[in-house]
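Below is one structure, written out as structure tokens; the observations come after it.
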Amino acid sequence: MSAAAVALDREGLRELGGRVVAAAGQPSAPFGVYTFAADAPESELGRHVEREVFYEFFNNTPELLEAEYGPYEGSTLFVCLMDHRRRLPAGVIRLVLPSPAGLKSLGDVEPVWGRRIDDVLERTNLRPEAGSAWDIATLAVDSEYRGRAADGLVSLGLYQGVAQLALQCRVKWVVTVLDLVVLNLLQGVMADPFERFAGLEPLPYLDSPASLPVYCDLDAYFARLETADPSMYEILFDGRGLEAAVRPLE
């Protein structure tokens, strides 16, 4: 399957989603978290949500997304939250894992912000070991599952899935570039997981009017979270608390 996956119509998505749900044993929870490699046919479930949402908010075309993320396809993993009853994708996080291609969010610092990433890391006093950082390249929730429609459950299920993956794989850092509206929302909901890189200010990025590269030191964040928000700590670190609504990632 090529990186430029052919978009499926709704019934095609439902058929693909149905195969995922059936393979999971028809779980009783209304939602479930799954991971798909970039070259798996099921990755189209996540790509569909990503295309719809990024065009809606930023006018990003499928061609733009392909140009931006295509070079990282070989190290891409889609974390997708499925609606079991409708057999449709509700949200997705695109992860870029360590590889010779690097991490996109760090690679974009020099061409967009005009600063060498090594200098930025040094000024921020960050020295992540090779392979110890993951990149949250995109985050998208389908319009039908935003706000009161799912009360943030879709996003929370995705965050839990990524957190549990990171813990199992002993990842120490997460990097990302976030639109300021999204960044402020996440900081409020999740007790300030992200910190700013020294010397970087918000700038236009991929048609977002103002975005900022940020990072999360997972060890420090979970230590803070245990005291600041024990319920969120249980969901993200222990992987418990959503089971009635979200089948956890296996």
Closest heavy-atom pair, P230 versus T227, reported as atoms and distance to 0.1 Å, is CD-O, 3.9 Å
Can E201 and R115 be counted as an ion pair, charged N to O under 4.0 angstrom?
-> no
* Asked: So do the side chains of Q160 and V33 get within less than 4.5 Å of each other, counting heavy atoms only?
  -> no
Review point. Has E56 got more than 12 heavy atoms of other residues, nucleotides or ligands less than 6.0 Å from its CD?
Key: yes
Please tell me whether D207 and N59 have a donor and an acceptor in their side chains that are separated by less than 3.5 angstrom.
no
message: According to a hydrophobic-cluster definition based on side-chain heavy atoms being under 4.5 Å apart (Ile, Leu, Val, Met, Phe, Trp, Tyr only), do Y145 and V21 belong together?
response: no
TODO: May I ask you to say whether E50 pairs ionically with R47, meaning some side-chain N is under 4.0 Å from a carboxylate O?
DONE: no
_Is there a side chain to side chain contact (heavy atoms under 4.5 Å, CB included) between D135 and Y72? Walk through the geometry before answering._
CA-CA 11 Å; D135 186 355; Y72 305 92; over 6 Å; no
L200 reachable from V181 in the ILVMFWY side-chain graph, under 4.5 Å edges = no
* **N-O pairing of E68 and R94 below 4.0 Å** => no
* Asked: Just by distance, do the side chain of T124 and the backbone of A198 share a donor-acceptor pair under 3.5 Å?
  -> yes
Worksheet entry | Beyond-backbone contact of L186 with L139, side-chain heavy atoms, under 4.5 angstrom | yes
- request: Show your working on side chain to side chain contact (heavy atoms under 4.5 Å, CB included) between M190 and Y221 and close with a plain yes or no.
  value: CA-CA 10 Å; M190 300 178 66; Y221 171 55; 3.6 Å; yes
L45 and G17 have their tightest heavy-atom pair at CD2-N, 4.0 Å
dist S208:OG -> F57:CZ (nearest 0.5 Å) comes out at 11.5 Å
Note, P193 side chain near Y159 side chain (heavy atom, < 4.5 Å)
no
On a heavy-atom basis, the closest approach of P98 and S75 is O-CB, 4.5 Å
Review point. Under a 4.5 Å cut-off applied to non-hydrogen side-chain atoms, are R51 and E66 in contact?
Key: no
### Query
Is it the case that one hydrophobic cluster holds both L64 and V49, taking links as side-chain heavy atoms less than 4.5 Å apart, direct or via other members?
no
Rounded to the nearest 0.5 Å, the CG atom of D219 sits from the CZ atom of R170 at a distance of 12.0 Å
Between H84 and A29, is there a donor-acceptor pair closer than 3.5 Å when you use the side chain of the first and the backbone of the second?
yes
Of all heavy-atom pairs linking R196 and V214, the shortest is CA-CG1, 4.4 Å
Here the gap from L178 atom CG to L212 atom CG, rounded to the nearest 0.5 Å, amounts to 8.5 Å
Sorted by chain and number, sequence neighbours left out, salt bridge (charged side-chain N to carboxylate O under 4.0 Å, His left out) with R87 holds for none
CG (D179) and CG (L206) are apart, to the nearest 0.5 Å, by 11.0 Å
- [ ] Verify the neighbour count for atom CD of Q26: are there more than 12 heavy atoms of other residues, nucleotides or ligands below 6.0 Å?
- [x] yes
Take atom CD of Q187 as the centre, draw a 6.0 Å sphere, and report whether it contains more than 12 heavy atoms from other residues, nucleotides or ligands. yes
Output for pair (Y55 OH, T61 OG1), nearest 0.5 Å, gives 8.5 Å
(request) Would you please test F36 and L77 for side chain to side chain contact (heavy atoms under 4.5 Å, CB included) and show each step? (result) CA-CA 6 Å; F36 308 121; L77 185 69; 6.0 Å; no
Parallel, tilted or perpendicular: ring planes of Y215 versus W173, cut at 30 and 60 degrees:
tilted
In the structure I gave you, are the side-chain heavy atoms of E52 and S143 within less than 4.5 Å of one another anywhere?
no
* Asked: Does V92 reach the side chain of V79, with side-chain heavy atoms less than 4.5 Å apart?
  -> no
Point to revise | Same cluster (ILVMFWY, side-chain, under 4.5 Å), F31 and L236 | key: yes
Student check: side-chain heavy atoms of F197 and L121 closer than 4.5 Å: yes
Original post:
Any side-chain heavy-atom pair from R247 and Y34 closer than 4.5 angstrom?
Top reply: yes
Note to self: side chain to side chain contact (heavy atoms under 4.5 Å, CB included) for L249 and Q164? Distances and angles first, verdict last.
What the structure shows: CA-CA 8 Å; L249 181 68; Q164 289 298 297; 5.5 Å; no
Interatomic distance, CG@L88 vs CG@L81, rounded to 0.5 Å, equals 12.0 Å
Query raised in the report: In terms of the angle between their ring planes, are F237 and F222 parallel, tilted or perpendicular, with boundaries placed at 30° and 60°?
Result: perpendicular
